[in-house]
Amino acid sequence: MDTLGIQGRVVLVTGAASGIGLEIARTCAAEGATVHLADVADPVAEAAENLGGTAHVCDVTDPDAVRALVDGVAGSSGRLDVAFLNAGINGVPSPLQPGGAIDELSFEAWQRVLRVNLDGLFLCLQQCARVMKAQRAGSIVVTASTAGLRAEPRVSYPYVVSKAAVVGLVRQASLELARFGVRVNALAPGPVVTNIGGSAPRPASGVAAWENSIPMRRWGQAGDIAGLALLLASDASSWMTGGIHVADGGASALTQVLSEDLPGPG
Ligand SMILES: NC(=O)c1ccc[n+]([C@@H]2O[C@H](COP(=O)([O-])OP(=O)(O)OC[C@H]3O[C@@H](n4cnc5c(N)ncnc54)[C@H](O)[C@@H]3O)[C@@H](O)[C@H]2O)c1
């Protein structure tokens, strides 16, 4: 068996201009895959050039753009073997921060996050499934989050809810697509150092609080996620579908939420 080899495979990565998506694209390119990098942000062109891949500027919330993206990849490369559906946002205060409590949160902020993290994923999954069903093969890997697997007071409502919904979407799609030889799995990272909350440095107290909940005592780096992504893309995971695969430095092994992490008395 050609275990982790994805040489020559046609790979699409959404949210590929930075963070986890960029690292996944870099890893796949280094393994000899044909990589298509899609992102709403312009730096995707530079990223693709650096990796020898193809750039696609695409907003995953735009149904026509997503269809054109997937048709463009499959048309130019002849097929679509692997889709990393990774684009996502947060940038909304948590219930512990001003404006993030359930009765303070704006409907606009709620909708903004759900639109990218859930609607955008649905559109991408739908189009990739269409192509992969027809070719009767493929691996779809979605970036969920450990924040979708439990309540998480340090993360915003719409983010937690969007990622919980992503888990349901991945499981449901895996059932339907299994008989077509298409696998659907999710990555569930814990906190990873990226720009998702904005490029401003995080307050040291917040960083330390997260570290205290991670047995490995450090935040993840994008490279900590890319190996798992490669496994799920490759034939080494040929009997794995519908799974939610955690990479979080051991945080999920802890069942206790510290009361100091919860909002104080009202
Ligand atoms: N960083 C973490 O702690 C963490 C933890 C768990 C899961 N995740 C998930 O990992 C994924 C990648 O996030 P990241 O942490 O690398 O953040 P990031 O901000 O570095 O990367 C996200 C990318 O998605 C792109 N994007 C945003 N909206 C888009 C849209 N409408 N269409 C196309 N592209 C869009 C952004 O331009 C950006 O390049 C997200 O789904 C995120 O929810 C992140």
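Atoms within a ligand are numbered from 1 in the order they appear, just like the ligands themselves. From a predicted model like this one, the values you see are computed outputs, not experimental measurements.
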Original post:
Any non-hydrogen atom of G190 lying under 4.0 Å from ligand 1?
Top reply: yes
Subject >> Within-shell test, R115 vs ligand 1, heavy atom, strictly < 4.0 Å >> reply: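 So R115 does not count as touching ligand 1.
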Looking only at distance, does [X] have an N or O less than 3.5 Å from an N or O of ligand 1?
X	result
D39	yes
V60	yes
K163	yes

Starting from [atom], find the nearest protein heavy-atom neighbour and note its residue, name and distance.
atom	result
atom 6 (C) of ligand 1	P189 O, 3.3 Å
atom 13 (O) of ligand 1	I196 CD1, 3.8 Å
atom 3 (O) of ligand 1	V192 N, 2.8 Å
atom 21 (O) of ligand 1	S18 OG, 3.3 Å
atom 29 (C) of ligand 1	V40 CG1, 3.6 Å

Taking atom types as modelled and ignoring hydrogens, do the side chains of [X] and [Y] form a donor-acceptor contact shorter than 3.5 angstrom?
X	Y	result
S174	R183	no
N90	S156	yes
R26	N50	no

Mark yes or no for whether [X], through its side chain, and [Y], through its backbone, hold a donor-acceptor pair below 3.5 Å.
X	Y	answer
E104	G99	yes
Q135	A137	yes
S77	R79	no

What part of [X], side chain from CB on, backbone N/CA/C/O, both or neither, has a heavy atom under 4.0 Å from ligand 1?
X	value
A188	neither
I89	side chain
I20	both

Original post:
Stepwise, does the side-chain contact (heavy atoms from CB on, under 4.5 Å) test hold for I20 with F84?
Top reply: CA-CA 10 Å; I20 294 169; F84 291 104; over 6 Å; no
Can you name the atoms of ligand 1, numbered from 1 with element, that are less than 4.0 Å from a heavy atom of [X]?
X	result
G19	16 (O), 20 (O)
G88	22 (C), 24 (O), 27 (C), 40 (C), 41 (O)
A41	37 (O)
P191	3 (O)
D59	30 (C), 31 (N), 32 (N)
N86	10 (O), 11 (C), 12 (C), 40 (C), 41 (O)

Return the option from [options] holding the heavy atom at the smallest distance from [atom].
atom	options	value
atom 10 (O) of ligand 1	T146, T143, T194	T143
atom 43 (O) of ligand 1	W219, W210, Y159	Y159
atom 7 (C) of ligand 1	A186, A144, G91, A247	A144
atom 33 (C) of ligand 1	A17, C58, G15	C58

Between [Y] and [X], is the closest basic N to carboxylate O distance under 4.0 Å?
X	Y	answer
R9	D235	yes
D71	R130	yes
D224	R218	yes

Subject >> From Q127 atom CD to L80 atom CG, the distance as rounded to the nearest 0.5 Å >> reply: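 The distance works out to 11.0 Å.
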Subject >> Name of the residue among L37, T27, V35 meeting side chain to side chain contact (heavy atoms under 4.5 Å, CB included) with L51 >> reply: L37
Original post:
When N86 is tested against each of D39, T14, T143 for side-chain hydrogen bond (donor to acceptor under 3.5 Å, both in side chains), which residue passes?
Top reply: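 Going through D39, T14, T143 one by one, the side-chain hydrogen bond (donor to acceptor under 3.5 Å, both in side chains) with N86 is satisfied by T143 alone.
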**OP:** Any chance you could lay out the side-chain contact (heavy atoms from CB on, under 4.5 Å) test for R179 and K133, step after step, and finish with the verdict?
**Re:** CA-CA 9 Å; R179 69 196 172 95; K133 267 170 98 166; 5.9 Å; no
